[in-house]
Amino acid sequence: MTEVDELLARLRKLPAVPLDAEFQASVRLRAHRRLRSRARPAPFASLALAGTVVLYLGWALQFASALYH
Amino acid sequence: MPETSDREALMLLARGDSRGFDLAYASYSERVFAFLVRLSGSRVLAEDLFQHTFMRLAEVGPRLRLDSDLRAWLFTVARNAFHSHARSRSVAGRFDVELADRHETVTTPEASLTLTEFANAFSTLRASDRELLLLFGAEGLSYAEVAAILGLDQVTVRKRVSRARVRLTEALDGDTTVVSKSGVNG
């Protein structure tokens, strides 16, 4: 068992594989952009949806109240 | 068990704060990249898969649960990306990178040679053995964590790690008759 554990210890000693600085910067930049684009919902789309819902509910209310007059 | 910095990273990510990404990146980028280079045997391919892994974090990170194990999640995405690429391209057995090309920590030529021999023997293993030994051996993950990443039960992982160790020992002894360079699952 000692011998095989030594194998795992040697695996842990394998040297680090350095990342290219330029490549890292590009990955982080793209990831930040994607994160920002996902974090902020498109304001126009949200407002348009909310407006449509309000208009529909208003119309439905008016229609329902007209039925009882 | 997820680390405290994982929770902090996930909380920031949930708010769409890029500092959460940076925190996760600082903790795991080197380890994920080393895992991918040693698993794929190609620095170029590893860079593609690494990019994919961290872009997935930017995409899915804000929706991850705060108690998620970020390390396990990243290694799962990374190994799935490798396997899906390997399935489409059949690259699992090819190595175009010298796995022991950096010797900053090695002081003597003898030690350097031993390290190179070890890395070469490791590169002759099949991808399924390499990933087990990298996760369990190099990363120091528990059987349970490896099982979760690979989607297997712990008993199977124990057996496979044991077999992979034997094959690595045989590869180091130069007994190449049992070492296969075939595909990912072969």
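Throughout, protein chains are lettered first and strands after them, A, B, ... in sequence-line order, and every chain is numbered starting at 1.
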Is atom CZ of B:R160 surrounded by more than 12 heavy atoms (other residues, nucleotides or ligands) closer than 6.0 Å? no

A:A31 to B:A58 - nearest heavy-atom pair and separation: O-CB, 3.5 Å

Parallel, tilted or perpendicular, as decided by the 30° and 60° cut-offs, for the rings of B:F21 and A:H32: perpendicular

For chain A, the option from B:A46, B:A138, B:S29, B:G20 that forms the most heavy-atom pairs under 4.5 Å: B:A138

So which atom in A:L35 and which in B:D17 form the shortest heavy-atom distance, rounded to 0.1 Å? CD2-O, 3.8 Å

Under 4.5 Å heavy-atom distance to chain A, tell me which part of B:E47 shows up: side chain, backbone, both or neither. both

Could you see if B:L23 belongs to whatever hydrophobic cluster contains B:F75? Use Ile, Leu, Val, Met, Phe, Trp, Tyr and a side-chain cutoff under 4.5 Å. no

May I ask you to test the A:L19-B:F50 pair for a side-chain heavy-atom distance under 4.5 Å? yes

For the CZ atom of B:R130 and the CG atom of A:L11, what is their distance to the nearest 0.5 Å? 12.0 Å

Minimum heavy-atom distance B:M55-A:V27, with the two atoms named: SD-O, 4.2 Å

Minimal non-hydrogen separation, A:L8 against B:G137, with atom names: CD2-CA, 3.7 Å

Enclosure of A:R12 CZ (heavy-atom neighbours >12, cutoff 6.0 Å): yes

To the nearest 0.5 Å, what is the distance between CZ on A:R34 and OG on B:S18? 15.0 Å

Please determine whether residues B:M11 and B:L64 belong to a single hydrophobic cluster, defined as Ile, Leu, Val, Met, Phe, Trp and Tyr linked transitively by side-chain heavy-atom distances below 4.5 Å. yes

Taking everything shown except B:E30 itself, do over 12 heavy atoms lie less than 6.0 Å from its CD? no

Is there a path of hydrophobic side-chain contacts, each under 4.5 Å between heavy atoms of I/L/V/M/F/W/Y residues, joining A:F23 to B:V32? yes

State yes or no: do B:L70 and B:L12 share one hydrophobic cluster built from I, L, V, M, F, W and Y residues joined by side-chain heavy-atom distances below 4.5 Å, directly or via other members? no

Quick check: closest heavy atoms across A:S26 and B:Q51, and the distance to 0.1 Å? OG-OE1, 4.2 Å

Close side-chain approach of B:F118 to A:K13, heavy-atom, < 4.5 Å: no

Among B:L134, B:D22, B:L168, residue most engaged with chain A (heavy-atom pairs, under 4.5 Å): B:D22

Tell me whether A:F63 shares a hydrophobic cluster with A:Y56, the cluster being built from Ile, Leu, Val, Met, Phe, Trp, Tyr side chains joined at under 4.5 Å. yes

Quick check: do B:L172 and A:L7 have side-chain heavy atoms less than 4.5 Å from each other? yes

So how far is it from A:R10 CZ to B:F122 CZ, rounded to the nearest 0.5 Å? 12.5 Å

